[in-house]
Structure formats: structure tokens, C-alpha cells
K.L.:
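Sharing a structure here in C-alpha cells format.
Each chain gets a letter, A, B and so on, in the order the sequences are listed, and its residues count up from 1. These values consider heavy atoms only, across backbone and side chains, with no hydrogens, waters or symmetry-generated copies.
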2 protein chains.
Amino acid sequence: MPLKNTGTEQLIKDTAKRLLFAEGKLHATTQEIADAAGVNRTALHYYFRSRDLLIAAIFQDAMQDLSRRLAECMTADLPFKAKTENIIAVFLKDMMAFPYQETFLVTEINTLGKQLINNIESGPVKSYLKEAADEMKKGTIEQMNPVHFLMNLFSLLSYPLIMAPLYQKLFQLSDKNFKALIAERGQLIIGLLFREQ
Amino acid sequence: MPLKNTGTEQLIKDTAKRLLFAEGKLHATTQEIADAAGVNRTALHYYFRSRDLLIAAIFQDAMQDLSRRLAECMTADLPFKAKTENIIAVFLKDMMAFPYQETFLVTEINTLGKQLINNIESGPVKSYLKEAADEMKKGTIEQMNPVHFLMNLFSLLSYPLIMAPLYQKLFQLSDKNFKALIAERGQLIIGLLFREQ
DNA sequence: TTTTAATTTGACAATTTTGTCTAACAAAAA
DNA sequence: TTTTTGTTAGACAAAATTGTCAAATTAAAA
């Protein structure tokens, strides 16, 4: 008999991702996840066997998603600056929806060990770094280790969103004003990373 | 009778901070903390009553430490660029020792609520932002909302260290090479934030 | 409709984690 | 030395969290 595919398995995973990646509740229990999904906690065991396996599935999904996004963005058939603008658009959007995804990944790696990372493809990143090096020779971007360039890019994109709860208070910004600031950052980052044309 | 002050209370807190802030094990249990400190788990209850209170104490300490560092750095009696260089030195050193301190703060805020932040002093930051605005008028730094300038600064400083476990793999860097890269970032950040002299 | 199998659920069990209590221990004071 | 009190540790209890099982439900297949 084929699966009925009621969507519950996906619902559980999506709900867990919302709690973990969007709301940043990294200690979420199976009960909290089940409640948020509106299903009995047993369903979680039916589909994933155990909490650890659910977390492992979410971890793998997130790693694969990150790998896929990197591969798509880094190897897009675009000139370097346009490619970088696309990276910013894609990652900024993703960070706004799921600011704590990378934090979750790192926390899991820190608690379970680095062997969790087995399948992250570094090829696409390598080729982007090579392009960045070429741009530096051309003089369109500052001379530096290309790894710095990429770390700068991701830092400027991601960190403000990860630290939003702290920074909103520190800078005394309303939700609305903070969002407006974040929306400005795409352009601003381009301006910082590329020399004035 | 005076306290014997065996240092155990401080030892427990320091050990917990090491696990949480340095090793990034945000799910550390009381047993793990006690074991790492080499004390009986009961000692933890003797000094802090409960796990929640220990976490609360650590949270308050971290917030106060952050506040203090901000106040000291932001109001130092130095010209703007030197002040910024000092901020970089101070925060880079701290991030190298405790990369997950801010992550811990944000995670706690996300799980327990924003009312956790009651006593962060925004005055010193405000005055630094004002100075940054003045520099923009003078033209030594790019024109932008000063909040962006400060978010850029902290992002460039902090994010690479927080994401080290991921980035080392993604960039295929040994511990040694990664450390060397991080050590370069102070200068690099200054170069990015300040116009060529 | 009846059958069949996937799904969902509630009750219960096991495990993990946290918290308490009492006694042992250690060091300063009497 | 004896007393006193802060500290530490082991045994036990409670609570929270996770895991299991069997029955009920649902929807597709026969």
C-alpha cells in the first residue's frame, strides 16, 4: 500500500525548523515541537524514531540547504559583482526568515563533534574565491586574502540579524525601524566591498 | 563566622562559562558542568540553588560584562579612529576567548523573553554613534546611518569567530591557518571602515 | 462494503535531568 | 581540644523529558 502522505512528517520538520531557526529556541523539547505543530508527540516518534534522529534530520537538511545555496550562488553564470549582489539578495532573504540556522549548525557541531560535517562541498566556494582574487588583480575590490572578502560578506549579511534581540535594545530601535535598517544593508554592503565606480 | 571562600562558587561559574561561551555547548547539563569543574553536582545547588539560577547568574554577569566593555570602549578619551582601533582590539580578544557569549545571550533572550534585558546602558553607544556621525561629516568615514557603521564593525569582528567550525571546513583551513587569518582581521577591518588616508 | 495498512492518539514506562536531605568533612573560634 | 559553622559528598526523591505500546482512526485498496 502506498503511503498516505498526510504531510505530517514535513509539518513536524517545518515546525521544528521554525522554532529552532526562526525563533531561536535552541532548547526546544519534543513536546514543544509537537504542540507547535498541533500533533501528538507520538507522531514525532512515529516519523523520526527519536528526538536525536529528528535533530539529525534537521541538521542534514540545513547543511544540504546551505550547500545547495552556496553551489547555486557561487557558480551562477554572472559577472562577479552581479553574482555577489545575488548572493546578498539570496542570503539576506534567508537570514531574515531563518536567522538562527547557522547558529543551530554550529551549536550542534560543538556538542556532537566536527565529524557531523561530512558532505559540505567546498568546490563552488573555491571557484568564487578564485574569481574574487581576479577582481582584486583588476582592482575592482580591495587586495586581501579572498577568504577575508567572503567572510566580510557573510559577516555583514548575517550578524546583525543573529544579534537582533540585543542590538534592538542597545540601539533603542523599534521592530519597524530595525527592519528598515536591515533592508538598507544590501546596498550598503555592496558599497563597502566594492570600490567606488 | 566568616566565609571560608574556597573559590568553588567562582570555579563553577567560570567552568560553566567555559562550556557555554568558549566551547559553545549551549545545552550543558548541571552534571556536565560539575564534572568539568571537578566538583560534586550538589555544590552547584549549594551555591546557586538551581540550574535556572546558575544560568541567570551567568546571564547577568555576561550582560554586565558586555555593558562594562561597551561603556569603557565607547567613552574612552581617544580620537575616533584610535577609539575604534581599541574597540577592535578589546572585542577581538574577547571573541577569541569566548566566541559564543553573545550567542548564549540571544538564545536565552529568545527562550525566556526580552524582559531579560533590563539593564543594558545605551548611553555610551549613543555617544559613540554621535562621534561616528561627526566623522562622516568630516569625510573620514563613509556617509551612512551610524548604526550601520557600528553593526558593520561588530559583524566583521564577531561573525567569523562564531562560525569558525563551519568556515574552517568550508574554506578547508587548518586551525593554525584559521587563527592566522583571524589575527589579520583587526587591520583589515580598520581598512574597510576608514577611507584610505 | 469489507479489508488492509498507514496514521494518529492516549496511557504507560524508561530515562535523563534536576533538586533535596542528611551526614561527613574541614577549618576557624572558643 | 571541643565547638561551631561553612563546605562537600552520597543517597535518595521529584520532575521533566523521552520512548514504547496497543488501541482507535482514517483512507485507500480489494
Side-chain angles (χ1 to χ4, degrees), chain A residues 1-21 23-62 100 104 107-108 110-113 116, chain B residues 1-21 23-62 100 104 107-108 110-113 116:
Chain A
M1 192 189 224
L3 298 183
K4 284 183 185 171
N5 198 3
T6 57
T8 303
E9 179 168 4
Q10 195 58 42
L11 171 65
I12 290 171
K13 243 184 352 189
D14 289 346
T15 305
K17 284 178 186 173
R18 174 164 62 77
L19 291 181
L20 295 168
F21 302 166
E23 300 179 16
K25 294 180 178 163
L26 299 186
H27 312 302
T29 66
T30 55
Q31 188 67 63
E32 286 166 336
I33 295 168
D35 287 352
V39 303
N40 190 287
R41 192 173 56 82
T42 315
L44 197 147
H45 288 92
Y46 177 72
Y47 288 106
F48 300 95
R49 299 259 306 284
S50 73
R51 182 186 193 278
D52 283 356
L53 286 173
L54 169 61
I55 296 293
I58 289 170
F59 182 91
Q60 293 306 333
D61 278 11
Y100 304 103
F104 165 83
T107 299
E108 289 301 308
N110 284 333
T111 48
L112 300 182
L116 274 185
Chain B
M1 194 190 220
L3 298 183
K4 285 183 186 171
N5 199 4
T6 57
T8 304
E9 179 168 2
Q10 196 58 43
L11 170 65
I12 291 170
K13 244 185 349 190
D14 289 346
T15 304
K17 284 178 186 172
R18 174 164 61 78
L19 291 181
L20 295 168
F21 302 166
E23 300 180 17
K25 293 178 180 165
L26 299 186
H27 313 301
T29 66
T30 55
Q31 188 67 63
E32 287 166 335
I33 295 167
D35 288 352
V39 303
N40 190 286
R41 193 173 55 82
T42 315
L44 196 148
H45 287 92
Y46 176 72
Y47 287 107
F48 299 95
R49 298 257 307 283
S50 73
R51 182 187 193 277
D52 284 356
L53 286 173
L54 169 61
I55 296 292
I58 289 170
F59 182 91
Q60 293 305 331
D61 278 11
Y100 304 104
F104 166 83
T107 299
E108 288 302 307
N110 284 334
T111 48
L112 299 181
L116 274 184

K.L.:
Got a salt bridge between B/R18 and B/E23, using NZ or NE/NH1/NH2 to carboxylate O under 4.0 Å?
P.N.:
yes
K.L.:
For residues 26-35 of chain B, which residues have at least one heavy atom under 4.0 Å from DNA chain C?
P.N.:
B/T29, B/T30
K.L.:
Rounded to whole Å, how long is the line connecting atom CG of B/L53 with atom C1' of C/dT17?
P.N.:
16 Å
K.L.:
Would you say a side-chain N or O of A/N5 is under 4.0 Å from OP1 or OP2 of C/dA6?
P.N.:
no
K.L.:
Can you tell me the distance, in whole Å, between the CG atom of B/L11 and the C1' atom of D/dT7?
P.N.:
14 Å
K.L.:
Going by modelled atom types, is there a donor-acceptor pair between the base of C/dG19 and the side chain of B/R41 at under 3.5 Å?
P.N.:
yes
K.L.:
Measure CG/B/N40 against C1'/C/dT20 and give the value in whole Å, please.
P.N.:
13 Å
K.L.:
Among side-chain atoms of A/S50 and A/D52, is any donor-acceptor pair under 3.5 angstrom?
P.N.:
no
K.L.:
What does A/F48 touch in the nucleic acid at a heavy-atom separation under 4.0 angstrom: a base, only the sugar-phosphate, or nothing?
P.N.:
nothing
K.L.:
Round to a whole Å and report the spacing from CG of B/D52 to P of D/dA16.
P.N.:
11 Å
K.L.:
I'd like to know if B/D61 pairs up with B/K17 as an ion pair, taking the criterion as any Lys NZ or Arg NE/NH1/NH2 lying under 4.0 Å from an Asp or Glu carboxylate oxygen.
P.N.:
yes
K.L.:
Can you tell if the side chain of B/N110 reaches within under 4.5 Å of the side chain of A/Y100, non-hydrogen atoms only?
P.N.:
yes
K.L.:
Roughly, in whole Å, what's the span from CG in B/L54 to C1' in C/dT17?
P.N.:
14 Å
K.L.:
Answer with base, sugar-phosphate or nothing: what part of the nucleic acid does A/T42 contact at a heavy-atom distance below 4.0 Å?
P.N.:
base
K.L.:
Let's see if you can work this out: which of D/dT18, D/dG10, D/dT8 has an atom nearest to the side-chain heavy atoms of A/R51?
P.N.:
D/dT18
K.L.:
Quick check on C/dT8: is either OP1 or OP2 less than 4.0 Å from any side-chain nitrogen or oxygen of A/T8?
P.N.:
yes
K.L.:
Please confirm whether the backbone N or O of A/A57 pairs with a side-chain atom of A/Q60, one donor and one acceptor, at under 3.5 Å?
P.N.:
no
K.L.:
How close or far is atom C1' of D/dT7 from atom CG of B/L44, stated in whole angstroms?
P.N.:
14 Å
K.L.:
When the distance from NE2 of B/H45 to C1' of C/dG19 is rounded to whole Å, what number comes out?
P.N.:
5 Å
K.L.:
Verify the contact: side-chain N or O of B/Y47 to OP1 or OP2 of D/dG6, cut-off strictly under 4.0 Å; return yes or no.
P.N.:
no
K.L.:
Between A/Y46 (OH) and D/dG19 (C1'), how many Å, whole number?
P.N.:
16 Å
K.L.:
Side-chain contact test, heavy atoms from C-beta onward, threshold under 4.5 Å: evaluate it for B/T107 versus A/H27 and give yes or no.
P.N.:
yes
K.L.:
A/R51: what forms a side chain to side chain contact (heavy atoms under 4.5 Å, CB included) with it, not counting sequence neighbours?
P.N.:
A/T30, A/I55
K.L.:
Could you tell me whether A/A43 contacts a base, only the sugar-phosphate backbone, or nothing, with contacts defined as non-hydrogen atoms closer than 4.0 Å?
P.N.:
base
